[in-house]
Structure formats: C-alpha cells, structure tokens
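Down below is the structure, laid out as structure tokens.
Naming: A, B, ... by sequence-line order, numbering from 1 per chain.
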There are 2 protein chains.
Amino acid sequence: MLKSAERPVEQLLELMGHKGVFTILRSLQNGPLRFGVLQQLTNLPPRTLSLRLKELEELRLISRTEYNEVPPRVDYALTERGRGLEPALEALAAWEEKSLR
Amino acid sequence: MLKSAERPVEQLLELMGHKGVFTILRSLQNGPLRFGVLQQLTNLPPRTLSLRLKELEELRLISRTEYNEVPPRVDYALTERGRGLEPALEALAAWEEKSLR
DNA sequence: CAGAATCCTACAAGATACTG
DNA sequence: CAGTATCTTGTAGGATTCTG
C-alpha cells in the first residue's frame with residue numbers, strides 16, 4: 001500500500017483522495033477524536049475507517065493513543081507533521097468556499 | 001465518474017489523488033502545455049492522461065484548446081477556477097519541501 | 001468501544017496497438 | 001500529434017458479522 005517511490009505530496013494526495021480523509025484531518029484540527037466519533041463524522045464503515053487511519057499513521061500525519069480502560073478507549077490526533085498540513089487544509093477549504101459561491 | 005453528491009473539495013481531492021494530477025496542475029501554472037509534453041512530465045500512458053484531462057475539464061479546472069493545424073495541436077491551460085487552486089498547490093508544495101528536510 | 005474477518009462488485013490504471 | 005480501443009490485474013470501498 002505504501003508506494004515509497006512516490007513524492008511525499010503524491011503519497012499524501014493519494015491518501016487524501018480517499019473518501020473521508022479530508023474530513024478526518026479537518027476534524028482533528030480541533031483536537032483528538034475517538035474512533036466512533038470519526039465514524040459518525042465520515043460515515044465510513046469500520047473497515048474502511050480503520051484502513052484510512054492506519055495509512056494516516058504510516059505517513060505520520062496522525063497518532064493513535066490507546067487507554068487501558070474498560071470500555072476500551074482510543075483516540076487519534078494530528079502529529080506535528082500533520083499540523084504542518086494545516087495551511088494546505090485551509091487553502092483547500094477556502095477554495096471550496098469560493099467555488100460554492 | 002462524476003459523483004455530484006460529494007462536496008467540491010472531495011471531488012477535487014479524489015481527482016488530485018490520481019497519479020500525475022498534481023504534476024499536471026503545477027506544470028500548468030507556468031502556462032499552457034500540449035498533450036505530449038504533459039505525457040512526458042507525468043509519465044502517464046496516453047489513455048490515463050486523457051482520462052485525467054477530461055476529468056479536470058469536467059471540474060472546470062483546465063480548458064482544452066484545439067488548433068486546426070497539421071500536424072494537430074492541442075493545448076491545456078488552467079481556467080480561472082483552476083488558478084483559484086494555486087494557493088492550495090503552493091501550500092502542498094511547501095509542505096512537501098518541509099517534509100523532505 | 002474499537003476494530004478484525006470475510007465477501008463482493010466496480011473501477012483504477014498500466015500495457016499495447018491502432019488511427020484521424 | 002493527440003488521442004481511442006482493447007485487455008488485464010489490482011484495489012477501493014461498501015455490507016455484514018464477529019470479538020478482545
């Protein structure tokens with residue numbers, strides 16, 4: 001799945017091209033979120049969400065934190081590298097805004 | 001192919017997620033280019049390049065101009081809407097720069 | 001709750017050959 | 001030159017069911 005021959009931006013865009021990924025990144029800008037919440041926000045089936053989260057982790061854009069609690073609790077947050085993406089996310093959101101008018 | 005139910009940014013990212021599309025858009029920032037040149041820049045087979053260019057046209061990000069000459073000549077250029085994408089392209093390129101260091 | 005396992009269908013994308 | 005036609009293989013991603 002990881003095509004290391006590609007430029008980082010191509011890897012990134014390939015991942016962001018998948019359904020829900022932009023929403024995931026944007027949502028995490030406001031702080032960590034749990035699996036279940038991301039599922040509701042993106043409307044992805046668990047299998048697909050799980051795949052995307054792993055790929056985002058592989059690219060070191062998000063981190064996964066597991067708490068030893070019952071019931072289980074896990075949350076996902078932007079990494080430093082992921083936060084470096086924020087200007088691009090904003091630019092894309094701004095473009096969308098403009099293109100809706 | 002056109003999933004009109006999606007938000008513009010999701011449509012855009014789905015398209016930009018395909019191989020070569022980022023390169024196409026970036027290259028066109030410097031002015032119109034011909035099919036053959038885009039083929040060399042992206043390393044895409046003609047069929048795939050042709051598909052991507054049509055999809056970019058559908059989203060009104062690029063325009064196609066055909067000249068009645070022999071041999072045939074066609075070129076592609078960013079539209080106004082496509083130029084609206086430039087801040088995002090720059091942000092992505094900047095992110096890549098940073099992430100390489 | 002947070003996923004993993006299994007199954008399925010549609011389409012991505014590359015290779016190759018051909019043409020107005 | 002700028003594509004189209006045809007064929008093949010891999011993967012996306014949705015549905016559903018199950019579990020540590």
message: Output the rounded distance in Å from CZ (B:Arg64) to P (D:dC1).
response: 16 Å
field: Whole-Å gap separating P (C:dA2) and CG (A:Asn68)
entry: 14 Å
task: Please indicate whether A:Glu69 has more than 12 foreign heavy atoms, meaning atoms of other residues, nucleotides or ligands, lying under 6.0 Å from its CD.
output: yes
- prompt: Between C:dG14 and B:Thr48, is there an OP1 or OP2 to side-chain N/O distance shorter than 4.0 Å?
  reply: yes
query: For D:dG13, does OP1 or OP2 lie under 4.0 Å from any side-chain N or O of A:Arg52?
result: yes
- prompt: Quick one: is B:Lys54 getting a side-chain N or O under 4.0 Å of the D:dG3 phosphate, OP1 or OP2?
  reply: no
- prompt: Does the distance from a Lys or Arg side-chain N to an Asp or Glu carboxylate O, for A:Arg52 and A:Glu57, drop under 4.0 Å?
  reply: no
task: Assign each of B:Pro46 and B:Pro72 to its nearest nucleotide of DNA chain C by heavy atoms, then name whichever residue's nucleotide is nearer the 5' end.
output: B:Pro46
Sugar-phosphate only, base, or nothing, as touched by A:Tyr76 at under 4.0 Å among non-hydrogen atoms: sugar-phosphate
query: Nearest to the side chain of A:Phe35 - D:dA2, C:dG3, C:dA15?
result: C:dG3
field: Gap between atoms CG and P, on A:Leu33 and C:dA2 respectively (whole Å)
entry: 11 Å
- request: Whole angstrom is fine here: how far is it from CG in A:Leu49 over to P in C:dG3?
  value: 8 Å
message: Looking at A:Arg7 and B:Glu96, is there a salt bridge between them, counting it only when a charged N and a carboxylate O are closer than 4.0 Å?
response: yes
- request: Please report, rounded to the nearest Å, how far the C1' atom of D:dA15 is from the NZ atom of A:Lys19.
  value: 13 Å
query: Just checking A:Arg47: base, sugar-phosphate only, or nothing, at a heavy-atom cut-off of under 4.0 Å?
result: base
- prompt: Within less than 4.0 Å of OP1 or OP2 of C:dA12, is there a side-chain N or O belonging to B:His18?
  reply: no
query: Given atom CD of A:Gln39 and atom C1' of C:dA2, what is their separation to the nearest angstrom?
result: 9 Å
task: Just call it for B:Leu44: base, sugar-phosphate, or nothing, with non-hydrogen atoms closer than 4.0 Å on any strand.
output: sugar-phosphate
Pairing of B:Glu66 and B:Arg64 as salt bridge, 4.0 angstrom limit: yes
field: Interatomic distance where CG belongs to A:Leu51 and C1' belongs to C:dA5 [whole Å]
entry: 12 Å
message: Heavy-atom nearest nucleotide on DNA chain C for B:Gly17 versus A:Asp75: which residue maps closer to 5'?
response: A:Asp75
task: Specify the separation, in whole Å, of atom CD of A:Glu66 and atom C1' of C:dA4.
output: 14 Å
- prompt: For B:Ser50 and D:dT4, is the shortest distance between a side-chain N/O and OP1 or OP2 below 4.0 Å?
  reply: yes
- prompt: For B:Glu55 and B:Gln11, what are the C-alpha separation, side-chain angles and deciding distance, and is it a side chain to side chain donor-acceptor pair (under 3.5 Å)?
  reply: CA-CA 10 Å; B:Glu55 292 159 358; B:Gln11 281 186 28; over 6 Å; no
